[in-house]
Amino acid sequence: MEALIDVEGEKRRIITFGQFEKTLALPNSTLLRALAPLTKIIANFHPGTHPVFWRILCAEYFLFRALRLNTRKELEDGSPDRAKTELEPITDDLCWKNVMDAEVEASMRIGWEYLMRSLPN
């Protein structure tokens, strides 16, 4: 986070996107070193190489879809929870390749089945 703060005397502010890009392009910059763990995970990402990160992404995907399916008005009106009936995974949402492989699909299916068991009837 410190690498994203511009210090000018006593003043501190978040760097601009332009500064971010310039700093990122500098070899051996503080920002580049700070982002290395994240870029290492994301570059050439595949669920097989980072299964825990993939499962976290899948879990967040299902949680956010469930939140989007149930509006505050529906919840206040006592409408039925649509998450259980309409939360079937949309494989295109999480597939960054032309063809989804079995490992990616299996992780999504496991997450969806767990969520279905966890939601109240």
Side-chain angles (χ1 to χ4, degrees):
M1 295 309 295
E2 289 177 8
L4 297 173
I5 300 172
D6 184 22
V7 179
E8 197 175 299
E10 294 286 321
K11 296 181 181 180
R12 295 180 185 337
R13 66 176 181 80
I14 296 173
I15 63 173
T16 65
F17 184 70
Q19 288 173 302
F20 175 82
E21 283 191 316
K22 283 181 189 175
T23 307
L24 204 55
L26 296 172
N28 224 7
S29 72
T30 305
L31 182 59
L32 195 59
R33 287 194 309 274
L35 292 176
L38 179 63
T39 55
K40 188 176 181 181
I41 291 173
I42 295 174
N44 300 315
F45 172 78
H46 189 276
T49 58
H50 295 90
V52 174
F53 181 59
W54 172 247
R55 289 182 184 126
I56 291 169
L57 289 176
C58 285
E60 288 179 350
Y61 163 80
F62 286 116
L63 289 171
F64 287 121
R65 283 206 53 219
L67 289 171
R68 285 185 61 216
L69 283 172
N70 292 296
T71 65
R72 182 180 183 97
K73 184 176 181 337
E74 288 174 322
L75 294 174
E76 288 173 351
D77 291 347
S79 300
D81 184 357
R82 296 184 319 152
K84 196 146 188 171
T85 57
E86 297 180 32
L87 202 58
E88 183 72 27
I90 302 170
T91 55
D92 291 347
D93 285 353
L94 293 176
C95 188
W96 64 97
K97 301 184 287 185
N98 292 335
V99 179
M100 182 177 293
D101 61 35
E103 191 169 11
V104 172
E105 193 169 1
S107 295
M108 287 180 63
R109 180 69 43 204
I110 290 167
W112 180 75
E113 288 171 359
Y114 176 78
L115 183 62
M116 290 302 104
R117 286 192 309 271
S118 301
L119 289 173
N121 289 329

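Because only heavy atoms are used, hydrogens play no part in the values below, and waters and symmetry mates are left out as well, while side chains stay in.
- I15 and A3 make their closest contact through CD1-O, 4.1 Å (heavy atoms, listed as atom of the first residue, atom of the second, distance).
- Grouping the Ile, Leu, Val, Met, Phe, Trp and Tyr side chains by contacts below 4.5 angstrom, directly or via other members, places F17 with L31.
- The nearest pair of heavy atoms linking L32 to L26 is CD2-O, 3.7 Å.
- Scored by the side chain to side chain contact (heavy atoms under 4.5 Å, CB included) test, I5 finds V7, R12 as partners (sequence neighbours excluded).
- Considering only residues two or more places apart in sequence or on other chains, R33 meets the salt bridge (charged side-chain N to carboxylate O under 4.0 Å, His left out) condition with none of them.
- From L35, atom CG reaches atom CG of L4 across 7.0 Å, with rounding to the nearest 0.5 Å.
- In this structure, the side chain to side chain contact (heavy atoms under 4.5 Å, CB included) partners of T16, at least two apart in sequence or on a different chain, are R13, Q19.
- Residues satisfying the side chain to side chain contact (heavy atoms under 4.5 Å, CB included) test with I56, not counting sequence neighbours, are V52, E60.
- Rounding to the nearest 0.5 Å gives a distance of 5.0 Å between CD1 of I42 and CZ of F53.
- Shown here is L24, whose CG atom has more than 12 heavy atoms of other residues, nucleotides or ligands within 6.0 Å.
- Listed by chain and residue number, nothing satisfies the ring-ring contact (aromatic ring centres under 6.0 Å, His included) test with F20 (two or more places apart in sequence, or in another chain).
- Between D6 atom CG and K11 atom NZ the span is 11.0 Å, to the nearest 0.5 Å.
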